[in-house]
> 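First the structure, then my questions, so here it is.
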Amino acid sequence: MNHTSNDPTPTHEELLAALADGELASELLTLCELTDDATLAKRWSAYITGASPWEHEFPDEIAHEIREQLATAILAESVATQPSSDLVDVLLDHAVGSPIPKPEHLFMRKEMRLNTVDEVDWTDGRPEGADSFSVLIIGSGLSGIAAARRLHRLGINFEVVEKGDASGGTWHHNTYPGCGVDIASHYFSYSFAPNSQWSRYYAKQPEILAYLRNCVTDAGMQDHFTFNTEVLSANWQDDENLWLVTTRSTDGELRHIRANVVISAAGLLDRPSTPDFPGLADFGGAAFHAAEWDHSVDLAGKRVALVGTGASANQIGPNIVDVVDKLTVFQRSAHWNVGIKNYGQNVTEGEKWLLANVPAYGRWFRARTLLSQNDVMRPAQEVDPTWSSEDGSISAENARMREVLTDYIKDELGDHQDLLPKALPDYPPFTKRMLRDNGWYRMMRRDNVEVVPARGLRFESDAMIDDDGVRHPVDIAVFATGFEASKMLASYSVYGREGVSIRDIWGDDDPRAYLGMAVPRFPNFFVMYGPNTNIGTGGSIFGQAENWSRYIVDLVATMVEQNVTVTEVTDEACTAYNERLDNRLAQMIWSVSAGGTWYRNSSGRVTTNMPWTSFEYWAMTQDVVLDDFELTPAFDSPASVLTR
Ligand code: NAP
């Protein structure tokens, strides 16, 4: 089906061809929405066995019936354009074959753009005070863009400063071969900016970057972004109740910016970590971190070392193995990989047409995609205190997943079962981030690939030496060795009340915050992707960015409306939140499993992941609890001006 939204109305037959490319369960829900009648969903949802596109067992005749009726409904002039709340509730309870808890329906509706609960609006029009209020956003990745959009919508004066030469954050900086997302794209995108034209179900980096930049230009806010500008420090001015932020441009020019509020959207995985390998300084070949890929280096016919086996390595290895002469993978630990059916698939033209032209289909497809991702790994990640095992598993489900994943590895290794000891992790699944298989085991089978142990790796001028003392001649070394995730707010200095440094509060890598966003003694300062806000159980960081930005901008709007000049989270609120967090975290595998993970800091505390479900965190960030903040009413403080 090659129809675009500008084409004339398709024929019934053309529609059937498009629907043949679509997802049957979403089509059934769409049919019910368009006909304002849930009868068929009630009758046939028993054939829906889950949320993934392939999780249904519709008999052929019912599939045929759904598509025939849906083609007719789409072509009918009188189709309902906005479903009633009651209908959506009923359909949600049939969307994946089993009911969705009622409190989650509001969250689902937001994701489906069926309500506006997610938007921050002025209570009674834009107050005059907004003219003299300003916000500085540090970082122009997907968090910074989400915050910018909300401020732009409210007409609040803001500027985004970005050290890179363009927006996009992690999707701008990471350009390594095979770079892409492993959360399904129709959910890995803002709910306010759905994209019907993803070329793949799991998009690659260039397309995600283009999407993010389009979000900036579509909102008409590109003039608010200042690039090539690194933040050096942020200092709270006790006497002015303002932040003084010092930046340096790439040509060395210093700038001092005063702002009422600072939003740090610098990212969690923004500082690549390259271990200090002995001898590295003497290595004569090219060497670079995956997140700083040197595209001037030609890999063709070279002996390439890939250090690390995490999410980045997993995408890099299978994508360079064809061009290199030899690929030596230096592995400290094997990682678990799961195979996803449509991971490498292109979105069909028919499906794109439905997404672009039938809003109800777009809604239900996003809803089901979300439900196929959010917290799907959770059951195997929660510790069962009654479970005991010798293999480190934490529950029956965790042990079951180990078996499923082990079988998958064996299948993928085919007639190379001799590689199993190298491929099989020695810790339970979900200790580290579960990887989507990019063809890792098939890569291991290749004649030009060798996986070697790397706990005590060292370099010579033209080689690397593995744990067994074996010398591996190498031309190029790629470090897919991760990021300094726990060292949050480390790329610039932050000083709060009375000059206290964030490092005095957090130490090197022990960050804590209220809801992951606010820290006592750092008034009017908010962190996006802060402590314990990473999703470890399956979900989309876009959803998190929407949560953080809504919460922060809601508070900013309250400040403007209520003429408040300072908001500072109380110690009590921050402590109480972190106690709740610790209690829940103790029930998650990352807290107890012996395997290493970037989710923990150097002292073993989980500092990055949140223990909440995506829905729980959405719910707890819905409304600002003003009692948890000390609010200082405005006095005659000087208006802050973002001078450009
Ligand atoms: P990572 O998952 O932390 O993997 C780092 C790898 O380097 C691990 O295999 C680690 O070994 C190894 N390593 C670290 N220090 C080492 C040393 N001194 N000697 C030998 N090996 C060493 O890092 P990443 O691959 O950059 O991924 C980080 C996160 O970024 C991911 O978890 C994900 O959240 C995000 N990401 C996502 C995608 C995606 O969506 N597909 C792609 C890339 C990144 P150990 O396992 O033994 O620690």
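Remember, it's 1-based here, ligands and their atoms both numbered in the order they're listed. Throughout, residue positions are numbered sequentially from 1 according to the sequence presented.
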> Just checking Phe479 against Phe277, ring centres under 6.0 Å apart?
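Close enough - the centres of the two rings lie under 6.0 Å apart.
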> Going by the rule ring-ring contact (aromatic ring centres under 6.0 Å, His included), which residues pair with Tyr551 if we only count those two or more places apart in sequence or in a different chain?
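Testing Tyr551 for ring-ring contact (aromatic ring centres under 6.0 Å, His included), a comparison that skips the adjacent residues, returns none.
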> If you count only heavy atoms, which residues are under 4.0 Å from ligand 1?
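Within the 4.0 Å shell of ligand 1, which is judged on heavy atoms, sit Tyr176, Gly180, Val181, Asp182, Leu269, Pro275, Phe277, Gly308, Thr309, Gly310, Ala311, Ser312, Gln315, Arg332, Ser333, His335, Lys432, Arg433, Ala454, Ala480, Thr481, Gly482, Phe483, Trp598.
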> Verify the distance criterion only: is there a donor paired with an acceptor across the side chains of Glu403 and Tyr408 at less than 3.5 Å?
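No, no side-chain donor-acceptor contact under 3.5 Å.
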> Kindly write out the residues that satisfy side chain to side chain donor-acceptor pair (under 3.5 Å) with Asp467, not counting sequence neighbours, or none if the list is empty.
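None.
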> For Val376, give me all partners under side chain to side chain contact (heavy atoms under 4.5 Å, CB included), at least two apart in sequence or on another chain.
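Here no residue qualifies.
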> Any cation-pi pair here, Arg149 with Phe192, using under 6.0 Å and within 45°?
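Checked: cation-pi criterion met.
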